[in-house]
Structure formats: structure tokens, C-alpha cells
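For reference, the structure is listed below as C-alpha cells.
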Number of protein chains: 2
Amino acid sequence: MSDLIDELDARILNLIQEDASLSVADLAERVGLSPSPCWRRIKRLEDLGVILKRVTVLDPDRLGLGFEVYVSVKLSLPSRANLEAFEARLENWPEVVSCQTVTGHEDYMLRVMTRDMHAYDDFLRDKLLASDLVSGVESRIIMRSVRQTTAVPISLVLDKDAPKETKAAGGK
Amino acid sequence: MSDLIDELDARILNLIQEDASLSVADLAERVGLSPSPCWRRIKRLEDLGVILKRVTVLDPDRLGLGFEVYVSVKLSLPSRANLEAFEARLENWPEVVSCQTVTGHEDYMLRVMTRDMHAYDDFLRDKLLASDLVSGVESRIIMRSVRQTTAVPISLVLDKDAPKETKAAGGK
DNA sequence: TCTGAAATAAGGTTCCC
DNA sequence: GGGAACCTTATTTCAGA
């Protein structure tokens, strides 16, 4: 069990992860608490930095941005300068909703959102492949989303024997 | 320009995408509107389904879930039955925060969140590779996140010449 | 038909027990 | 942790352009 949050915190977090418009009164009732202590717990989790922010989730399909692709990117030469240059260009590519460096054969994994295949092709040609920074690209077009959540799996946090600083360690 | 949303809607959406706790009064001021029409626009976007929900974003690192991996999965035989079987098992894997079917050599792309490498290894052995459904797995461990947003690139929605039903089409 | 101002209702926030 | 007062904000209604 985490020393940071207890069972009640976890229940609260799980609820507000899914729906940030729940009132404190609603939340309190659902976790079996009165509004004040429930509010104080939320406040504490904000102060701790566990709660980062509340955001509004939009529907890309409704907005005509239903074409999504996972793109793995390999730089011709992954030097520090080239990494920085690539990431600087990224600033001007609104299509990229996610970009991280990864281990393995490729350097980056991106998630790209466009209107359709044609717009994606434009993105590839005019942006991603426009410089000689990139030596290889692999596109995995998303056909169907089985699961897509902004929620963190809190249940994993409360699990037994975390590798924490247990002074006299038991088994791992 | 989209027939669904106008410039003002786009500005509102961009603001609440980043911060759902902005008050209507704040929003109104920032987009140069009074609270009432601003509120009505938001209401309309909710009714249209453009706004799906408000969620709370947590910090995985603070919760001790800072180890994230992109996992591409290939099924031994991607039959309908096997796809369904795989997706049914997924229900019991809280580590998977994202899963979609993709084009290319693999069948699925997952995003997995665990405490550390050890926990990820457990996930692989006890869950993902436990059945004979899966014939191949490639793990891309996330080293650093360059960009990670829940926001949709609204700017792309308002772009000129969308492939909409323009009765007498101009040039593309 | 759409905008803005004011009234109302609901919820967040604080204080005290 | 719980209860109640307080104060901010969402929501509705109404008058005007």
C-alpha cells in the first residue's frame, strides 16, 4: 500500500479521473464521507501534485479529425543536436498529439491526428519527411480503438509489496 | 472552415481543452464575449457531442507508475474469434491504458503503465504472453515525453477547403 | 434571432465543533 | 471526520438590439 494515498483517496481519484464535473457532495456520498473531509482530501492531492489539472475531452470524430496514426520515427543520425532540431520542428506540427523518445530500433514514437489519409500524406511529405533529419518512418494507422483512457490505473498503486523503503525488507 | 464550429467556438474549445476549471466568466472575458452567450456556446458544443466530458489528469510519476511502454502485439492467428478473445482478456489488465487495432505487420498497439521494469516483466509473462494467442511482441520503453496532450488540434478543423460537401467544388 | 444584464440556484470553500 | 455558514460560480430568465 502506498504511503501517499489510502483506500479512500484511491476511490476519490478513480471517480474524478473519469468525471471531473462530479460535485464534492456527490463524491462524498459515493465514497461514504461528508463533503468537508472529501474536499480536504482533494485539496491535499492537488497540493501533492498527484492531481495535475482538469481538462475537457473533445470528440475528434465529431471535429472531423478521426484519422489517427502511430508513427515510429528513426533519425538519420540521433545526435544530441539532431534530437533537439527534430523536437524544435515538432513545435510547428499541431497534428502531433503525442511524442516520446523510446528504446529500440526507432528514436521516437508519435501519435498523429489528421482529417483523413490525404491530410496525413501531406503531413508526412511537408513536415515529417521534409528535412533530412529523418531516415525512416513507419505508419500504423489506427483502425479501431479498443480502449482509450486518460485515467491512470490507481489499483496498481495500492498493490502489496511495492519496492519502497521497507527498512527490514521481506521478500520481494 | 467547419460548418460545425466557428472561430469563437474554436477559441473556447482550445481554452477548456487545457483547463476545464476555468469559469464561464473567465472564458467569456478571454474570448471577448459576455458570460451568457459563452455559456450557451459551451452548452451547444456539449449537446452536439463535440464536448465529451471533463476529466481529472493525474501524475503517473507521483503515483509511482512512471514506467510506460508502447507495445506492438501480433496475434498468432488474427481471426475474428482470436481478436475477440484477446480483447476480452484485456478487460482484466489494468496496466493497459490504451489499445487499438492498427494497420501494418502487427495487430495491436498498446500503451502500458507499470511501476517499473520488473512490474512490466510480470505483465508480459503473466498476462500478455500467458496465452498462445500472441505470437509476437515488441516493447518500446518510453524514455522521455516530448509532448503529451489530451487536446485535439482544433486549428486543423478550421482550415480552408475541407473535403466537405461543397455542392459546386472549387479546386482542392 | 442573438446578445447582455440581472435574478436564482447550486456548488465550492472555510470555519468551528 | 462532520456540520453549517459563506461566498463564488453556474444556470435561467428576461429585456433589448
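Letters A, B, ... mirror the listed sequences (proteins, then strands); counts begin at 1.
- Rounded to whole Å, the distance from NZ on A:K43 to P on D:dG1 is 16 Å.
- Distance B:R54 CZ to D:dT9 C1': 14 Å, rounded to the nearest Å.
- Using modelled atom types, no side-chain atom of B:D59 and backbone atom of A:L52 make a donor-acceptor pair closer than 3.5 Å.
- What separates CD of A:E29 from P of D:dG2 is a distance of 13 Å, to the nearest Å.
- Of the listed nucleotides (D:dT12, C:dT14, C:dG11), C:dT14 has the atom at the smallest distance from the side chain of A:W39.
- Within 3.5 Å, no donor on the side chain of A:S23 pairs with an acceptor on the base of C:dA10, nor the reverse.
- No more than 12 heavy atoms of other residues, nucleotides or ligands sit less than 6.0 Å from atom CE of A:M117.
- Side chains of A:S139 and A:L124 form a contact here, defined as non-hydrogen atoms less than 4.5 Å apart.
- Per the geometry, CG belonging to A:D19 stands 13 Å off P belonging to C:dG11, to the nearest Å.
- Put simply, CG on A:L8 is 9 Å from P on D:dG2, counting in whole angstrom units.
- Here D:dG1 presents its C1' atom at 15 Å from CZ of A:R44, a figure rounded to the nearest Å.
- Distances were taken from every side-chain heavy atom of B:P37 (C-beta onward) to each of D:dG2, C:dT3, C:dA5; the shortest belongs to C:dT3.
- To the nearest angstrom, P of D:dG1 lies 14 Å from CD of A:E7.
- Look at B:D9 and B:R44 and you find a salt bridge, because one of the NZ, NE, NH1 or NH2 atoms lies within 4.0 Å of a carboxylate O, short of that distance.
- B:I16 has its CD1 atom 17 Å from the P atom of D:dT9, to the nearest Å.
- For the OP1/OP2 pair of D:dG1 and a distance below 4.0 Å, the side-chain nitrogens and oxygens of A:R41 include at least one atom meeting the criterion.
- The base of D:dG2 sits with one of its N or O atoms less than 3.5 Å from a complementary donor or acceptor on the side chain of A:R40.
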